[in-house]
Amino acid sequence: MLKFGEKVVNHRRVILVVCLLLLIPSVLGMIKTRINYDVLTYLPDDIETIKGQDILLKDFGKGAFSMVMTEGLSSKEKVVLEDRMKQVDHVASVISYETALDASVPMEILPDKYKASIQKGDTSLMAVFFDTSTSADETMDAIREIRHLSAKQCFVSGMSAVVTDTKDLAEHEEPIYVMIAVALAAVVLGVCMDSYIIPIIFLLGIGMEILYNLGSNYFMGEISYVTKALSAVLQLGVTMDYSIFLWHSYQEECEKLPGDKPAAMSQAIAHTITSVSGSSITTIAGFIALCFMTYKLGLDLGIVMAKGVIFGVIGSVTILPSMILVFDKLIQKTMHREIIPEMNRPAAFIIRHARLFGLLFLILLVPALIGYTRTDVYYNLDASLPKNLDSIAANEKLEKEFDMGSTYMILADANLSAKTADRMTKEIEKVDGINTVLGFNSVMGPAIPKDMIPDSVLDELQAGGRQLMIINSKYKVATGAVYKQIRQINQITEKYDPKAMVIGEAPCTKDLISITNHDFKVVSLISIIAIFLIIAINFKSASLPVILVAVIELAIFINMGIPFYTGTRLPFIASICIGTIQLGATVDYAILMTTRFRRELQLGREKKEAVRIALSTSIPSIIVSALCFFAATFGVGIYSDIDIISSLCGLMARGALISMMVVIFILPAMLVLFHRIICSTSMGFKHSKEEAENEKKLEAN
């Protein structure tokens, strides 16, 4: 590693030039990477709801679907508006009463329940289908154009409208996320470090690494907006440790090799590679665990963040040392005394009360577990967005005016007899919460001859040997009521048509719940096992993995349990990701202290003295690391109007502080109380002679 360090030092200017040039393809790659704003598209391709969506697009030429409300328009004006909507690119069809029947057919011939389902007072409904998928860029462009056609009298609801508003809001907020994270991290580093210019160098180096990571996403084709929003701030918070470690190691080597800074930096790079590569593995393992989710958003976030950590490690031993040496004179001019005081007294206090803090572990564990297992989560994507968005206002108006909480569809056999289809429809209509079932046989029935229905409308309702039925439900998406309703409808359709499919946002969300509940257990287990094994191999110990993981898991339980006691509902993705991210990112605090504890034991220290030294020397590094993680995420959590982003960042910020407190106060107690077990089950944790004599005296007494 020393030779590598020497090469970096000798070619530092070339490295900086190459790294600056690499920013060009990175920025281009970042711009060219498509962002996906529909989290339902990450469901597995082999589930029935997704297969049904594909059939709808392939056979009917319909991907996205929206209910559009018009207010205060005459029949003639609605026809004009409908014609203009049909001219919008990628609008496959528009269905309303005005064009669904021959002009000679009076509306009075329709059953009252169907008239009420499409018109209330001066407010009318029309169904708009698109020939592209829910989250396609073309669909979002079409949504925007439809809104502009009659901005004050036209309300566009549905998932595509929500996705469009999510994109617009996220694109507005994302640059501000980065600015907030950088500004707060700079404040923390400016206070905690011993140079005013070194925080800027740290942030410039990490900024380059973030751009490399975002640029390399181009090869993934697309990433989720959640991943894009989180990756920069999360990479900043997680990889800052590596820069801090290199800086401290460099300063130590400068004291050993006065006047020879290149040699000192070569040594520092060698030490950093050894230490950082070990600690980064646990962080990478945490992110890789997300890749085992059936819900593919985990794969998306896991790959991007694992790449980010790798770029962070590489940058900390190439870009950063080169910048430090190039700007050495400027750094020296801005040096100041460190503000963080020595921690000998706090460390001594914690060690004296080891039993008390060990008991505190048990006391905190019970309420933390209760809260952790009972924290409520939500799956309704509307709930994560501000109420003043056009799509949210339209959805609420749809519910208020037409008592319509959700709309989904049935794809049934087109060859079902009219009598069979009528029986199935009537049975579905009796299910609690169903307003109407809109389809050819259900709406037209025997009262309206088939030849009075325009061919264009028939083509919309039947294609590829299937017929389309639209279900209007009183129940909102992501509620227990709508899931019970969907189960009942599935049972009914199976009786009449075993190959029928129930598709749409509500059925997809139902699948999302069952899949992510399974994923939560799998990801948690894999991350714990992976980090357990890494710690076991690192320390060659059977007991330390249990102790270290238990301490961080307590911090996770506390963090995820707090929402239960505050009555806060979390977005579903938070419950899956936070535990894994917090474990992978903050277990390093525990590893740092335990490594120093082992070193002090090997130097012959008595156990309490070894723990005290390990604690007092580790506290400053743990505090700086945790505060940087906190700073990078806290501001974003406060600022963001997208609750998925806000909740994830808020939980990560709080989790960093809780992990810091638990490691500082409870881990030392564990090392003291379980010292004998650690020594007997670990390599390199030997009893000193003094320790052995003291323990014999204690046993004799």
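At least one side-chain heavy atom of Ser543 sits under 4.5 Å from a side-chain heavy atom of Ser682. Under the 4.5 Å side-chain criterion, counting only non-hydrogen atoms from C-beta, Leu548 is in contact with Phe539. A 4.5 Å side-chain heavy-atom check between Ser231 and Leu214 finds at least one atom pair inside the cut-off. Between Val662 and Leu667 there is no side-chain heavy-atom pair separated by less than 4.5 Å.
Going from atom CD1 of Ile198 over to atom OH of Tyr250 covers 9.0 Å, rounded to the nearest 0.5 Å. Here the straight-line distance linking atom CZ of Arg596 with atom OG of Ser616 works out to 7.5 Å at 0.5 Å rounding. Here Met30 contributes atom CE and Tyr212 contributes atom OH; the two are 13.0 Å apart, rounded to the nearest 0.5 Å. Between the CD1 atom of Ile578 and the CG atom of Leu651 there is a distance of 4.5 Å, given to the nearest 0.5 Å. Of the inter-residue distances, the one linking Cys291 atom SG with Met305 atom CE reads 11.5 Å to the nearest 0.5 angstrom. The CG atom of Leu554 lies 11.0 Å from the CG atom of Asn559; values are rounded to the nearest 0.5 Å.
Between Val624 and Cys192 the shortest heavy-atom distance is CG2-CB, 3.6 Å. The two residues Cys628 and Leu189 come nearest to each other via the heavy atoms SG-CD2, 3.5 Å. Of all non-hydrogen atoms in Ala185 and Ala631, the two that sit nearest each other are N-CB, 3.8 Å. Taking all atoms of both residues into account, the shortest heavy-atom contact from Ala585 to Val238 is CB-CG2, 4.1 Å. The two residues Asp300 and Glu222 make their nearest non-hydrogen contact at OD1-O, 3.7 Å. Among all heavy-atom pairs drawn from Ser618 and Met593, the shortest one is OG-CA, 3.5 Å.
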(request) Kindly indicate, with the supporting measurements, whether the criterion salt bridge (charged side-chain N to carboxylate O under 4.0 Å, His left out) is fulfilled by Lys296 and Asp45. (result) CA-CA 10 Å; Lys296 292 178 288 187; Asp45 295 331; 3.4 Å; yes
(message) Could you go through Ser275 and Tyr242, starting from their C-alpha distance and side-chain angles, then the distance that decides it, and tell me whether this counts as side-chain contact (heavy atoms from CB on, under 4.5 Å)?
(response) CA-CA 9 Å; Ser275 300; Tyr242 312 150; over 6 Å; no
(message) Would Thr594 and Ile535 count as a side-chain contact (heavy atoms from CB on, under 4.5 Å) here? Give the steps.
(response) CA-CA 10 Å; Thr594 307; Ile535 295 172; over 6 Å; no
(request) Would you please test Met343 and Leu615 for side-chain contact (heavy atoms from CB on, under 4.5 Å) and show each step? (result) CA-CA 8 Å; Met343 292 294 174; Leu615 177 57; over 6 Å; no
(request) List the steps, then state whether side chain to side chain donor-acceptor pair (under 3.5 Å) holds for Asn36 with Ser224. (result) CA-CA 5 Å; Asn36 187 347; Ser224 162; over 6 Å; no
(message) Quick one, Ser195 with Thr334, criterion side chain to side chain donor-acceptor pair (under 3.5 Å). Give me CA distance, side-chain angles, the key distance, then yes/no.
(response) CA-CA 5 Å; Ser195 168; Thr334 60; 3.0 Å; yes
(request) Could you go through the side-chain contact (heavy atoms from CB on, under 4.5 Å) check for Gln235 and Phe311 one step at a time? (result) CA-CA 9 Å; Gln235 186 175 341; Phe311 278 117; 4.3 Å; yes
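With hydrogens and angles left out, the side-chain atoms of Ser659 and Tyr589 include no donor and acceptor closer than 3.5 Å. Donor-acceptor pairing under 3.5 Å is lacking for the side chains of Ser625 and Asp588. Side chains of Ser640 and Glu173: a donor on one and an acceptor on the other come within 3.5 Å. With hydrogens and angles left out, the side-chain atoms of Asn217 and Lys228 include no donor and acceptor closer than 3.5 Å.
With hydrogens and angles disregarded, a donor-acceptor distance shorter than 3.5 Å links the side chain of Thr33 to the backbone of Tyr218. When atom types are taken as modelled, the side chain of Ser524 and the backbone of Lys521 share no donor-acceptor pair closer than 3.5 angstrom. Side-chain N or O atoms of His172 include none that pairs as donor or acceptor with a backbone N or O of Asp168 at under 3.5 Å. Here the side chain of Ser575 pairs no donor or acceptor atom with the backbone of Pro571 at under 3.5 angstrom. Side-chain atoms of Ser249 never come within 3.5 Å of backbone atoms of Phe245 as a donor-acceptor pair (strictly under, hydrogens ignored). Side-chain atoms of Thr586 come within 3.5 Å of backbone atoms of Gln582 as a donor-acceptor pair (strictly under, hydrogens ignored). Between the side chain of Thr283 and the backbone N or O of Gly584 there is at least one donor-acceptor pair closer than 3.5 Å. A donor-acceptor pair under 3.5 Å is formed between the side chain of Lys307 and the backbone N or O of Asn213. One N or O on the side chain of Asp519 and one on the backbone of Thr294 form a donor-acceptor pair closer than 3.5 Å. Between the Glu209 side chain and the Gly308 main chain, no donor and acceptor come within less than 3.5 Å of each other.
No more than 12 heavy atoms of other residues, nucleotides or ligands lie within 6.0 Å of CD in Glu342, so this atom counts as exposed by the packing criterion. Surrounding CZ of Arg34 are more than 12 heavy atoms belonging to other residues, nucleotides or ligands, all under 6.0 Å away. The environment of Phe292 atom CZ is sparse: at most 12 non-hydrogen atoms of other residues, nucleotides or ligands sit within 6.0 angstrom. No more than 12 heavy atoms of other residues, nucleotides or ligands sit less than 6.0 Å from atom CZ of Phe327. Remark: Met661 CE is loosely packed, at most 12 non-hydrogen atoms of other residues, nucleotides or ligands lying under 6.0 Å away.
Ring geometry for Trp247 versus Phe202: interplanar angle over 60°, hence perpendicular rather than tilted (30 to 60°). Using bins of under 30°, 30° to 60° and over 60° for the plane-to-plane angle, the ring pair Tyr42/Tyr295 lands in the perpendicular bin. A tilted orientation is assigned to the rings of Tyr372 and Phe520, their planes being inclined by 30° to 60°.
Using a 4.0 Å cut-off between a side-chain N of Lys or Arg and a carboxylate O of Asp or Glu, Lys256 and Glu252 do not qualify as a salt bridge. We find that Glu609 and Arg612 are joined by a salt bridge, their nearest charged nitrogen and carboxylate oxygen being less than 4.0 Å apart.
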